[in-house]
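Below, chains carry the letters A, B, ... as their sequence lines are ordered, and counting in each starts from 1.
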Protein chains: 4
Amino acid sequence: MSDAEDTIQRSAAQTQRRILDAAREEFSSHGYGSARMDRIATAARASKPMIYTYFGGKDDLYKAALQEAYARIREGERALETEHMDPEDAIRELVHFTMNHFVTNPWFISLLNTENLRGGVTIREIDRLSEVQSPLIQKIREILERGTGSGVFRQEIDPTELYVFIASLCYFPVSNRHTLRVGFDLSIDEPWLKAHADEAGEMVVRYLRVV
Amino acid sequence: MSDAEDTIQRSAAQTQRRILDAAREEFSSHGYGSARMDRIATAARASKPMIYTYFGGKDDLYKAALQEAYARIREGERALETEHMDPEDAIRELVHFTMNHFVTNPWFISLLNTENLRGGVTIREIDRLSEVQSPLIQKIREILERGTGSGVFRQEIDPTELYVFIASLCYFPVSNRHTLRVGFDLSIDEPWLKAHADEAGEMVVRYLRVV
Amino acid sequence: MSDAEDTIQRSAAQTQRRILDAAREEFSSHGYGSARMDRIATAARASKPMIYTYFGGKDDLYKAALQEAYARIREGERALETEHMDPEDAIRELVHFTMNHFVTNPWFISLLNTENLRGGVTIREIDRLSEVQSPLIQKIREILERGTGSGVFRQEIDPTELYVFIASLCYFPVSNRHTLRVGFDLSIDEPWLKAHADEAGEMVVRYLRVV
Amino acid sequence: MSDAEDTIQRSAAQTQRRILDAAREEFSSHGYGSARMDRIATAARASKPMIYTYFGGKDDLYKAALQEAYARIREGERALETEHMDPEDAIRELVHFTMNHFVTNPWFISLLNTENLRGGVTIREIDRLSEVQSPLIQKIREILERGTGSGVFRQEIDPTELYVFIASLCYFPVSNRHTLRVGFDLSIDEPWLKAHADEAGEMVVRYLRVV
DNA sequence: TATGAATGAGTCTTCATTCAT
DNA sequence: TATGAATGAAGACTCATTCAT
């Protein structure tokens, strides 16, 4: 490959990256129906035909953005290290990590909401499921095994279900921040969420403990 | 009021009701941006101008639908009776009730997702907050008081925060049913949700219990 | 005719009058295309079906309003009395009267503009021309005859053409008040128009004088 | 600039020109409220989105058309040359020129009528007043100065007011051609207008002459 | 690779008009 | 006579998408 070709390819890859970033931002900010191809093009400093050349139509772009969003999130989840912690601390850490992950990447929650609003039609099409599966399940399994092994945790807890609980506790207050503010007079900011995660950790730990 | 006037007024009220029902359905099925005034009119068996006469534009109709959705949900919540139950059972009942309420009225979750996606701009405009405030908070306060009084529950639990936990545990698996199916290979149906609510109730009760 | 019938008929006539007044006001304020049947109904304190019952559609109502506008204006013109004045004073009086008539009834100018914009399609349909013909022509003819008779005015002046001159001088500054303000930095208010009419009278008189 | 860019840019400019021409024609033929964006697009051989891309909405297009109409008219007025004529002839020439200008560009009168019907809201927004100001005022001032200098014209005549008189005499018979036909049985065609301009010139000259 | 120009097919909204009582 | 309820047809405007270079 010549240097010139290489430069072109790199530039092309950069353009694609900017488009994908802009698309993630746009779809998460506005949902699918209110997202605008125009705004994506502008934000990506690309022309609209470029989007169509690289990604196809709006649907395809949304799909690409969703898939890449999952990949990013899963990638972030791999950073969590709990192997060295005692099981209870590991659970608390997991809860904090999850809460922090949602707070730090709010576009992910918005994309999930958008996709669920659409009935999950797009995620179902994404075949490369490996990038969709959460590595957290494996970590939870490991923690639970150590906990039951040392006798502090109850048996028969399913890792996936436990993850659903933890995700629930962290997802809802972030996702529903705006409606909670009005309906419950809650001002959900980072300190509030931090304290909330503390309590959520406590709740999960108590749930797991043997009597 | 004469019979004729009565009939006419009832007819107008019926049309408005059909429009509101159709709007709730449409906005919750598609989100704001993908909702179609055309479909709402058709579903309501009304002409488009009627919508504009009765409700104003799309924004106003969305606002009316959102407000009425809250009113409906809050009305349903008043049906919960826990005063006669022992505190732990009352908490478990509350969790089951909440889960069931979300499952039975899936449009509410979709509307909340939609509104949060929009940054809560509309709910903030709805002034009649009385219909937005949940009566469940009061019920929770009463249960907690009885529980702490009889020594089974810990002190210093905030009713609103507790409600956020319960809502979190019930909301997430319903709201994210589609993405959970793919990401975690979960088939979230009513039996699953029922069992999940059982466990969630257990979790909350353990969280509240004195040691 | 019974008293009851009489009352009904009177009330009907009043409604028609209010509609016609409202229509004149609406069409002159907004032109044909921007006029709204709704606003006319509201202003007339009548229901829209009443308008259609009494006048037919928008076109017919416009026609009725135009015809009645002419009748009103012509009626007003009959108030001018110049028979007892000396010819020059009579001409000056005629100019002032015309200017004042336009200023006092601005809707007439607007309706004429609207109708000319439409190519005169409606006025051509109005058959009862008697109410369209201006009685001023006759008065001008009389003044001119007296003026030529006494030797102060030139011969061979056509009354109709003279009226066009006088109308021109009075119509334009009233009709084009807004564009003149911007294009020529003129603030056209009543004092200005009064002074302008003085000069216009002078101009016409000089035009008529023998050498 | 490359040839390709040149061609593209010229094409965009041409489209804009066609739209502007079509808009002037449409707004002057129908007034604002009855003008149709559809017809403008068709007449301009452009698609509707192009209009919105290049000019914004109907209001903005109207504004652009009005502004350009003034520019065109003022441009045409610059063609008048009276410096070399004796003052009386210059005045007669000015009247003929004005009449001819109105007859040749009937859309201008229609646009002025439309704008005055709207209360001048748009012209007031057009800031580039330089293109709105008539160069004729300057020419009139010059003629008057020469006339008073040579003793044939009276002093104390204001150029702007004189222009209003001349414009009045020429504007009205053209603008109100259709209503005059019916109300006064006048058939206003070019010969009539030519003769009328002759007389109007006579009238103005007599008005200016020293007794 | 890249983009300025262009558009078909909607999408919201309005308006003159009519129905039913 | 009178009107609250209703609508077909059209209006302005938008948006995903493609053309032409």
Completion exercise
Checking E/dG4, F/dT17, E/dA5 against the side chain of D/S11 (C-beta onward), the nearest is E/dA5
Fill in the blank from the handout: note: D/E26, atom CD; F/dA12, atom P; distance rounded to Å ~ 9 Å
Practice task
For B/A35, report the nucleic acid contact type (base, sugar-phosphate, nothing); a contact means any heavy atom under 4.0 Å.
Solution key: sugar-phosphate
Exercise for the section: Please report, rounded to the nearest Å, how far the C1' atom of F/dC15 is from the OH atom of A/Y32. Expected result: 12 Å
Exercise for the section: For B/I51 and E/dT11, give me the distance from atom CD1 to atom C1', rounded to whole Å. Expected result: 13 Å
Handout entry: Any strand: nucleotide that pairs with E/dT3 via Watson-Crick or wobble, under 3.5 Å
Key = F/dA20
Handout entry: Distance below 4.0 Å between A/T15 side-chain N/O and E/dT1 OP1 or OP2
Key = no
Exercise for the section: Please confirm whether the backbone N or O of D/M37 pairs with a side-chain atom of D/E26, one donor and one acceptor, at under 3.5 Å? Expected result: no
Handout entry: Salt bridge present between B/E68 and B/R17 (N-O < 4.0 angstrom)
Key = yes
Practice task
Let me know the distance between NZ of A/K58 and C1' of F/dT17, rounded to the nearest Å.
Solution key: 12 Å
Practice task
Mark yes or no for a side-chain to base donor-acceptor pair under 3.5 Å between B/K48 and E/dT14, with no hydrogen or angle criteria applied.
Solution key: no
Problem - D/K63 bridged to D/D59 by N-O distance under 4.0 Å - result: no
Fill in the blank from the handout: Rounded to whole Å, CD of C/Q14 lies from C1' of F/dT1 at a distance of 13 Å
Practice task
Could you tell me the separation between the CZ atom of B/R18 and the C1' atom of F/dT7, rounded to a whole number of Å?
Solution key: 14 Å
Practice task
Find the distance B/Y62:OH to E/dC12:P and express it as a whole number of Å.
Solution key: 15 Å
Practice task
For B/A46 and B/T15, work out which heavy atoms get closest and say how close.
Solution key: CB-CG2, 4.2 Å
Exercise for the section: With DNA chain E as reference, determine whether D/T53 or C/D59 sits nearer its 5' end, using the nearest nucleotide of each. Expected result: D/T53
Problem - F/dG11 OP1/OP2 closer than 4.0 Å to side-chain N/O of D/R36 - result: yes
Fill in the blank from the handout: Considering only heavy side-chain atoms of D/P49, the closest of F/dC13, E/dG8, E/dT14 is E/dG8
Completion exercise
Of B/Y54 and C/R45, the one whose closest nucleotide on DNA chain F sits nearer the 5' end is C/R45
Problem - Phosphate-side-chain proximity, A/Y52 and E/dT3, N/O vs OP1/OP2 below 4.0 Å - result: no
Exercise for the section: Could you tell me the separation between the CG atom of C/D60 and the P atom of E/dT18, rounded to a whole number of Å? Expected result: 11 Å
Exercise for the section: Report yes if the side chains of D/Y62 and D/R118 come closer than 4.5 Å at any heavy-atom pair, otherwise no. Expected result: yes
Completion exercise
Assert: residue with more 5' nearest nucleotide on DNA chain F, out of C/M50 and B/S47, is C/M50
